[in-house]
Asks: 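Below is a structure I'd like to ask you about.
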Protein chains: 2
Amino acid sequence: MGHENLSERKKLILKAIVEAHIDGGEPVGSKYIMQNNLLSCSSATIRNEMAELEQMGYLVQPHTSAGRVPSEAGYRFYVDALVEQYARTTHEVVQINQLLRTKMNELDQLLDTASRLASTMTNYTGIAIKPKSNSVTMSKFEIIPMDQNNFAMVMISSGGVVKTKKVKTAETIPEGALARLSELFNSALCGIGADMITLPIIMRLEVEMGDAAFLVNPTVKCVYEVMNEIDGGEMKLSGLNHLLKYPEYADTEELGELLGTLESQEEILELVSTAESDDINVLIGSESSVKVMNNSSLVFTPIKKNGHTIGVIGVLGPRRMNYKQVLKTLGDIGGSITQMMDEDRQLKEANTKEGDN
Amino acid sequence: MGHENLSERKKLILKAIVEAHIDGGEPVGSKYIMQNNLLSCSSATIRNEMAELEQMGYLVQPHTSAGRVPSEAGYRFYVDALVEQYARTTHEVVQINQLLRTKMNELDQLLDTASRLASTMTNYTGIAIKPKSNSVTMSKFEIIPMDQNNFAMVMISSGGVVKTKKVKTAETIPEGALARLSELFNSALCGIGADMITLPIIMRLEVEMGDAAFLVNPTVKCVYEVMNEIDGGEMKLSGLNHLLKYPEYADTEELGELLGTLESQEEILELVSTAESDDINVLIGSESSVKVMNNSSLVFTPIKKNGHTIGVIGVLGPRRMNYKQVLKTLGDIGGSITQMMDEDRQLKEANTKEGDN
DNA sequence: GATTAGCACTTAACGCAAAAGAGTGCTAAA
DNA sequence: TTTAGCACTCTTTTGCGTTAAGTGCTAATC
């Protein structure tokens with residue numbers, strides 16, 4: 001990434017401009033840079049440098065008599081090379097830990113709390129995503145009778161997700177049928193993917209159930225639904241109101257489109273699922289391929305357990321997002337979660353070993 | 001409700017003004033009313049009537065040379081007395097039925113789908129609410145072992161809601177302990193409210209569990225959480241982007257506050273839980289006691305099962321909401337759900353009787 | 001007595017030109 | 001290579017007369 005061919009001074013100036021624009025929101029001029037950044041040179045010199053930075057594509061001038069604004073490439077350079085390494089303060093980490101620890105047992109809640117936290121800490125909109133995994137199988141079925149026409153179906157996926165569905169039957173459930181059904185499902189449907197549940201299998205199940213064959217259809221349907229639910233991504237936003245603080249979202253029409261896109265979820269899920277990095281990802285403006293986000297940036301980080309991704313949390317804001325702060329915050333939160341997961345695993349392994357003896 | 005002391009002509013004019021303002025969004029003048037409403041009188045007459053209507057508090061004049069805008073009282077009168085009774089077309093009802101029927105088994109999903117539907121049909125923001133019930137007890141516990149340190153806890157509430165929680169234990173779970181735990185919980189915690197789970201009860205459970213006493217604490221905590229989850233209200237919005245179409249939400253700051261309030265949920269839950277009517281409720285502007293909603297209206301209707309409310313769906317929009325359309329839509333959707341619930345119940349009763357024979 | 005035509009009056013909205021402000025690019029000197 | 005200085009450009013603000021919409025009132029009419 002030929003980022004190195006910038007003089008130190010150019011880097012300093014670019015950094016100053018980006019940071020000034022991030023918290024001012026307006027084009028920044030040479031004079032301002034000179035006054036607020038201990039650079040030992042005059043505004044004229046800065047102007048010259050700025051002109052060159054513009055030619056290189058890192059800055060943009062809204063109009064002749066305005067200051068400069070960072071271009072997408074400018075932000076990219078800033079994020080890649082200029083933003084300082086963030087250092088976590090112990091205090092904050094402790095706070096984060098306390099808040100998250102109580103939610104560790106419920107994946108959905110954990111992600112949600114984490115993104116909410118990210119949102120309040122950064123003043124941007126938080127995103128919690130449970131991405132498509134594309135390889136869900138069931139590891140256990142359990143059936144709990146409720147009354148003559150209802151039972152609850154508890155399913156545990158290979159990934160350890162527990163889901164419950166209520167099933168309603170048209171006819172009265174015969175004595176003992178549910179026990180048989182449970183046994184049958186456990187032997188026939190465990191470990192196979194949703195696309196492997198074919199008609200022959202269903203028919204065989206129906207034969208085996210005999211006079212209670214009518215139970216098979218709704219139950220299988222329910223299994224199928226759950227597999228798709230676990231598999232299919234889900235996304236939750238928090239702190240939408242933060243967006244409105246930034247003038248770049250003042251255009252109601254554009255904002256409406258953005259909200260619509262966010263609500264339909266698909267595009268964002270797609271976006272996140274094609275993430276390159278295993279660490280923190282930063283998508284600036286049109287890098288994201290979603291049109292309505294051309295003026296926004298999305299920063300997100302995967303949450304992992306035993307090495308594979310179980311969720312994503314992130315932050316959405318204007319392109320002139322405070323990357324330094326956001327990177328730090330997401331790093332903190334992601335780090336805390338991963339650490340807790342690890343502690344968990346170690347605990348578990350220790351116990352297993354103990355059990356083996 | 002002294003609504004009757006308006007002459008027929010005044011009513012006609014008020015109705016015309018309200019409806020014109022609803023779909024134009026701007027103050028309406030006497031001339032416009034004269035031209036577009038088959039009133040056999042001149043604009044001067046209408047002006048006189050309008051002046052009187054203003055004095056009575058039904059209309060408001062933004063400034064001297066502007067037309068009139070309905071006041072809150074004006075909308076209230078319109079909704080109470082002037083809006084025409086809506087008639088459902090069979091076609092739409094069929095559509096609604098089809099969409100909702102597949103979701104009947106999951107309360108959360110049903111409400112969500114219903115509100116989403118309301119939102120797209122009306123072009124306002126949809127709200128789905130699961131209100132506080134304040135009287136949750138459990139009717140059944142079931143425990144499903146997962147591995148040496150994890151098990152799933154399935155709980156069925158008296159209201160028929162099924163919830164699952166994963167429980168992680170610090171020590172390895174002893175053989176047979178879970179079966180005992182399940183039995184114990186079923187006998188000790190069924191039918192009692194969350195506030196009745198006191199320390200003495202927990203201590204007795206621990207004694208009874210003997211060497212597996214360490215299981216009691218996390219499990220009870222989990223029961224407690226679930227009871228509060230079922231009890232505590234929850235709220236989901238859909239179609240937020242619709243709001244932005246209306247110029248009354250152009251003020252970003254105000255909109256931000258509104259979004260914040262909506263997200264924190266409490267106020268809206270409170271609002272809905274104090275609903276007076278068992279049918280469709282209409283809260284116009286400041287009637288709602290939530291400050292940020294002074295320029296908005298909220299229309300909602302409870303969803304009932306066997307006579308008591310299990311959820312609320314509604315629509316949020318500008319004060320000049322198209323009440324006619326919204327009332328019709330919510331009526332349709334609510335009607336469809338109730339009807340389906342009834343069919344369900346009848347089915348169930350028929351089966352029960354059959355089983356008795 | 002109710003209705004209507006006509007007109008003066010009020011006020012927001014619009015358009016436009018002048019002034020102000022901000023920031024640049026360039027030139028010439030240090 | 002840096003910098004002071006200045007002319008230039010373009011946006012933003014301000015002020016002001018004009019326009020348009022809609023009313024309230026009065027006097028005539030039904």
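Each chain gets a letter, A, B and so on, in the order the sequences are listed, and its residues count up from 1.
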Asks: Can you sort out the partners of B:Glu254 under side chain to side chain donor-acceptor pair (under 3.5 Å), two or more places apart, ordered by chain and number?
Replies: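 Residues passing side chain to side chain donor-acceptor pair (under 3.5 Å) with B:Glu254: B:Asn295.
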Asks: How long is the line joining CD1 of A:Ile13 and P of C:dT24, in whole Å?
Replies: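 Distance check: A:Ile13 CD1 to C:dT24 P gives 12 Å.
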Asks: With a cut-off of 6.0 Å (strictly less than), are more than 12 heavy atoms of other residues, nucleotides or ligands near NZ of A:Lys245?
Replies: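 Yes, because the 6.0 Å sphere around NZ of A:Lys245 holds more than 12 heavy atoms from other groups.
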Asks: Would you check, one step at a time, whether the test side-chain hydrogen bond (donor to acceptor under 3.5 Å, both in side chains) holds for B:Ser238 with B:Arg116?
Replies: CA-CA 6 Å; B:Ser238 55; B:Arg116 194 163 244 106; 5.2 Å; no
Asks: If we ignore hydrogens and angles and just use 3.5 Å, is the side chain of A:His21 paired with the main-chain N or O of A:Glu26 as donor and acceptor?
Replies: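 Answer holds: yes.
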Asks: Any donor-acceptor pair under 3.5 Å linking the side chain of A:Glu49 with the backbone of A:Arg9?
Replies: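 It does not hold such a pair.
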Asks: Please write out each protein N/O paired with an N/O of nucleotides 8-12 of chain C under 3.5 Å, distance rounded to 0.1 Å.
Replies:
unit_1: C:dT11; atom_1: O2; unit_2: B:Ser65; atom_2: OG; d: 2.9

Asks: Can we call the ring centroids of A:Tyr246 and A:Tyr124 under 6.0 Å apart?
Replies: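 That pair passes the under 6.0 Å test.
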Asks: Without swapping roles, check the side chain of A:Thr125 against the backbone of A:Gly239 for a donor-acceptor pair under 3.5 Å.
Replies: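 Indeed, once roles are kept as given, a pair shorter than 3.5 Å links the two residues.
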Asks: Near DNA chain C, which residues from residues 26-35 of chain A have a heavy atom under 4.0 Å away?
Replies: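 When residues 26-35 of chain A is checked for heavy atoms under 4.0 Å from DNA chain C, the hits, listed by number, are A:Gly29, A:Ser30.
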Asks: Which residue, B:Cys41 or A:Gln61, contacts DNA chain C at a nucleotide closer to its 5' end, judged by nearest heavy atom?
Replies: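 Its nearest nucleotide being more 5', the pick is B:Cys41.
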Asks: More than 12 heavy atoms of other residues, nucleotides or ligands under 6.0 Å from NZ of B:Lys31: is that the case?
Replies: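 No, NZ of B:Lys31 has 12 or fewer neighbouring heavy atoms, counting only those of other groups under 6.0 Å.
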Asks: If only side-chain N and O atoms count, and only distance matters, is there a donor-acceptor pair under 3.5 Å linking A:Glu72 with A:Ser286?
Replies: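 The criterion, which ignores hydrogens and geometry beyond distance, is satisfied for A:Glu72 and A:Ser286.
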Asks: Please report the distance, rounded to the nearest Å, between CG in A:Leu53 and P in C:dT24.
Replies: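 That distance rounds to 13 Å.
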Asks: Expressed in angstrom and rounded to an integer, what is the separation of B:Asn48 atom CG from C:dT3 atom P?
Replies: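 Roughly 9 Å, once rounded to whole Å.
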Asks: Work out how much the helix from C:dG1-D:dC30 to C:dA30-D:dT1 bends between its end axes, five pairs an end, to the nearest 10 degrees.
Replies: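 The helix from C:dG1-D:dC30 to C:dA30-D:dT1 shows an end-to-end axis angle of 20°.
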Asks: Would you kindly give the CZ-to-P distance between B:Arg9 and C:dA2, to the nearest whole Å?
Replies: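 That distance rounds to 10 Å.
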Asks: Can a side-chain donor-acceptor contact be found between A:Tyr249 and A:Ser296 if the only test is distance below 3.5 angstrom?
Replies: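 The answer is yes; a qualifying pair exists.
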Asks: Which value, rounded to the nearest 0.5 Å, describes the distance between A:Thr122 atom OG1 and A:Lys328 atom NZ?
Replies: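 Nearest 0.5 Å value for the OG1-NZ distance: 12.5 Å.
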Asks: What are the 5'-most and 3'-most nucleotides of DNA chain D lying under 4.0 Å from any heavy atom of chain A?
Replies: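 With heavy atoms of chain A under 4.0 Å away, the range is D:dT2 to D:dT11.
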Asks: Separation of B:Arg47 atom CZ from C:dT3 atom C1', in whole Å?
Replies: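 Taking atom C1' of C:dT3 as the reference, CZ of B:Arg47 is at 12 Å.
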Asks: Which residue pairs satisfy the ring pair (Phe, Tyr, Trp, His ring centres under 6.0 Å) criterion with at least one member in residues 312-333 of chain B, sequence neighbours excluded?
Replies: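 The answer is B:Tyr75-B:Tyr323.
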Asks: When you look at A:Glu84 and A:Lys15, which way does the salt bridge (Lys or Arg N to Asp or Glu O under 4.0 Å) test go after all the steps?
Replies: CA-CA 10 Å; A:Glu84 291 139 18; A:Lys15 179 160 178 283; 2.9 Å; yes
